[in-house]
Novice: 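Please read through the structure below; I'll follow up with questions.
Values below: all heavy atoms of this structure, side chains included; hydrogens, waters and symmetry mates excluded. Chain letters run A, B, ... following the sequence lines, proteins first and then strands; every chain starts at 1.
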Amino acid sequence: EPEVTQTPSHQVTQMGQEVILRCVPISNHLYFYWYRQILGQKVEFLVSFYNNEISEKSEIFDDQFSVERPDGSNFTLKIRSTKLEDSAMYFCASSEAFEAFFGQGTRLTVV
Amino acid sequence: AQKVTQAQTEISVVEKEDVTLDCVYETRDTTYYLFWYKQPPSGELVFLIRRNSFDEQNEISGRYSWNFQKSTSSFNFTITASQVVDSAVYFCALSEAGTTDSWGKLQFGAGTQVVVTP
């Protein structure tokens, strides 16, 4: 069964560093998403991406964040100058129509 | 404003008891989807069910059942004869119509922690 794959599963980074979280969506899907879940809290929408551009973003998704589809298979989330409060689980999802399929998540720890 | 409300933060039951998780949603759209996800301690989101707004039939899948009532904007989830492996956080989520790429934009509730003890 096709699945969304995220790498790495866990990343530790120093405050102020840049990180890139990677996702391989399901191959025939056209819509891509990033979500964030701070420990113990709910899952929050960050951004949606379609046709090589951002289609919607939440107020969380400020200039510190960017997304890219650098080739035909990967979808990345870049976080510049990480802060302690960026520590969270980040989920990638992809969708063809009426259902989003989630990856297993990347746990980001900023120290 | 909260679009999905899960009022129960934690439910503790003894194995074999039934447990019902409440979910109340708010939307002005006539077409929308509702979801339940399970998040075990390992952290991944496990899809359980999707229900569209036009299908109010209740659904049963093994020990899981769902009760969708548009009149009360609720989509409740029951685990029958709970087991220790059911211990997890359960999230209800809403996806509203609009542009096509809205379907993958889910609005999650705060989640309900279910603790099943032997």
Novice: Ring-plane angle category for Phe35(B) and Phe47(B), please: parallel below 30°, perpendicular beyond 60°, tilted otherwise.
Specialist: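 Rings of Phe35(B) and Phe47(B): perpendicular, over 60°.
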Novice: Side chains of residues 103-111 of chain A: which donor-acceptor pairs under 3.5 Å do they make with residues two or more places apart or in other chains?
Specialist:
| residue | atom | partner | partner atom | Å |
| --- | --- | --- | --- | --- |
| Gln104(A) | OE1 | Gln6(A) | N | 3.3 |
| Gln104(A) | NE2 | Gln6(A) | O | 2.8 |
| Thr106(A) | OG1 | Pro8(A) | O | 2.5 |
| Thr109(A) | OG1 | His10(A) | NE2 | 3.1 |

Novice: Rounded to the nearest 0.5 Å, what separates atom CZ in Phe61(A) from atom OG in Ser48(A)?
Specialist: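 The OG atom of Ser48(A) is 9.5 Å from CZ of Phe61(A), to the nearest 0.5 Å.
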Novice: Nearest 0.5 Å, what's the CZ-CG distance between Phe75(B) and Leu94(B)?
Specialist: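 Phe75(B) atom CZ to Leu94(B) atom CG measures 11.0 Å (nearest 0.5 Å).
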Novice: Side chain, backbone, both or neither: which part of Gln39(B) has an atom under 4.5 Å from a heavy atom of chain A?
Specialist: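 The answer is the side chain of Gln39(B).
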Novice: Which of the residues Phe101(A), Phe45(A), Phe32(A) is involved in the greatest number of heavy-atom pairs with chain B at under 4.5 angstrom?
Specialist: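 Highest number of heavy-atom pairs under 4.5 Å: Phe45(A).
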Novice: Between Tyr35(A) and chain B, with a heavy-atom cut-off of 4.5 Å, which part of the residue counts as in contact: side chain, backbone, both or neither?
Specialist: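 Just its side chain gets close to chain B.
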